[in-house]
There are 2 protein chains.
Amino acid sequence: MQTRSTKSLIVKTAEELILSYGYQGFSYNDIASAINIRKASIHYHFPKKEDLGIAFIRKYSRLFSLWTKRLGTASNRERLIAFCRMYGSLSNNCTRICPIGMVAADYHSMPAGIQEHSQELIAQVEQWLTELVDKGKKEGEFREYLRSSDTARHMIYVMSGSLKMARIFKEPGRIKRAEKDLVFHICKEKEQ
Amino acid sequence: MQTRSTKSLIVKTAEELILSYGYQGFSYNDIASAINIRKASIHYHFPKKEDLGIAFIRKYSRLFSLWTKRLGTASNRERLIAFCRMYGSLSNNCTRICPIGMVAADYHSMPAGIQEHSQELIAQVEQWLTELVDKGKKEGEFREYLRSSDTARHMIYVMSGSLKMARIFKEPGRIKRAEKDLVFHICKEKEQ
DNA sequence: ATCATTCTACCTACTAGTAGGTAGAATGTC
DNA sequence: GACATTCTACCTACTAGTAGGTAGAATGAT
């Protein structure tokens, strides 16, 4: 097995474990037995657990960048909905929560390097959403009284909260509902 | 030192640790050294870590019940604001998050007994908020188009999200802002 | 083209430390 | 004396991380 596939397989597995059980809730052993390699091999690619944690967050940073780039010239309303759908897909049928929700909860028990990268990821998403709301207001699609950055934050709170609760109560409908609520109170045209 | 005070001191310390570092992020040793007793003494009061976790959640269940009872005959709008203020006070100056936010994130890595009690606590808060929104609508204080239980959930998502982000970015203003946003989009009278 | 060397990617075997948990003695309190 | 409480001393299981080795591919020198 080549390095590239093993390395990314490790990150992929870490990802699943972190989004299910949290940073403290998974071990190198869990990964090793999941993909049938030895623990030391993980340390070869990621010397410290912190390194793996950072790789996990940076991956989501990259994925989000790619996602925003792929998102063509849709209307602001469509982009808002697309964001919610993308976010909802992270739920993985009520088995996982979002990276932001996880790092935000475990924040104080994480190494400094992970904390910094977490801040960057959150800021990146907030930034993109702030610009979206701003543009939506200017182009008359979104309600004028909204404060762009507060609305962006509000969206993150709601979407990440809905994923968590959807998982606990095994109610995927909570995510869809959160989306509808957000669209309703951000967009001008009615859609309830 | 009597049992009662030691026992409640253990829970109090666990509480602080859990709300800062998460369920996986604290140990019996942390508590022992924090209040200068031996680890085994904690096991005397709480044989398993799960027992301590349940005590923690049940305490917040009781506290919430007491809080709702103490809350006199204020207007629905005032009760809504009081809820947000109470919730915001859990932030402890951006050092902690809320019990709901914590158990929701760590959910899958917690023992079954804690999971059940977590569900109950969340359901309890959701229930109270649902009734508040319902009453607020009937009495003409809240916007009629709101769905009571969805709005209740929305409130929990936003408040618990704001506590988490306030902690990460050391921005207590996020909590106040979340409160204002909720009041604005739930209550009829303007207040921005 | 051959051979020595270096590097990559993994391995086995181990360390020190910490986790939750237990047994039983010591201490206090009624 | 009886019982509750806290202690010392320990256990097993597991954690992140390290030491040292190996097969084989890549590189370089002649």
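Letters A, B, ... are given to chains in the order of the sequence lines, protein chains preceding strands, and every chain is numbered from 1. As the structure is a prediction and not an experimental result, all values here were calculated from the model.
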Discussion item. I need the A:Asp181 CG to B:His154 NE2 distance, nearest 0.5 Å.
Written reply: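 Reported value, rounded in 0.5 Å steps: 6.5 Å.
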Discussion item. Would you compute the distance between atom NZ of A:Lys180 and atom CD1 of A:Ile175 and round it to the nearest 0.5 angstrom?
Written reply: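 The NZ atom of A:Lys180 sits 13.5 Å away from the CD1 atom of A:Ile175.
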Worksheet item: Are any non-hydrogen side-chain atoms of A:Arg177 and A:Glu171 less than 4.5 angstrom apart?
Response: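 No, their side chains stay 4.5 Å or more apart.
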Discussion item. Taking 4.0 Å as the cut-off, does a side-chain nitrogen or oxygen of B:Arg38 come that near to OP1 or OP2 on D:dT6?
Written reply: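 False: B:Arg38 side-chain N/O out of range (4.0 Å or more) of D:dT6 OP1/OP2.
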Item to complete: Look at the side-chain N and O atoms of B:Thr6 and state whether any lies under 4.0 Å from the OP1 or OP2 oxygen of D:dT5.
Response: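 No, outside the criterion.
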Worksheet item: With the sugar-phosphate defined as primed atoms, P, OP1 and OP2, and the base as all remaining atoms, what B/S/- string results for nucleotides 13-19 of chain D, 5' to 3', for protein heavy atoms under 4.0 Å?
Response: --SBBBB
Item to complete: Please state how far atom CD1 in B:Ile31 lies from atom P in D:dT6, giving the value in whole angstrom units.
Response: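 Rounded to whole Å, this separation is 14 Å.
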Item to complete: Write down the distance between OH (B:Tyr44) and P (D:dT8), rounded to a whole number of angstrom.
Response: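 Taking OH of B:Tyr44 and P of D:dT8, I get 17 Å after rounding.
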Practice prompt. Give a yes or no on whether A:Lys12 atom NZ has more than 12 heavy-atom contacts from other residues, nucleotides or ligands under 6.0 Å away.
Written response: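 Open: at most 12 neighbouring heavy atoms sit under 6.0 Å from NZ of A:Lys12.
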Worksheet item: Considering Watson-Crick and G-U wobble pairs with both distances under 3.5 Å, what does D:dT22 pair with?
Response: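 WC or wobble partner is C:dA9.
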Worksheet item: Whom does D:dG1 pair with, Watson-Crick or G-U wobble, provided both distances fall under 3.5 Å?
Response: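 The base-pairing partner of D:dG1, which may sit in any strand shown, is C:dC30.
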Worksheet item: Between B:Gln115 and B:Gln119, does any side-chain donor sit less than 3.5 Å from a side-chain acceptor?
Response: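 The criterion, which ignores hydrogens and geometry beyond distance, is not satisfied for B:Gln119 and B:Gln115.
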Item to complete: Please step through side chain to side chain donor-acceptor pair (under 3.5 Å) for the pair B:Thr95 and B:Asn92, ending with a clear verdict.
Response: CA-CA 6 Å; B:Thr95 59; B:Asn92 197 240; 3.0 Å; yes
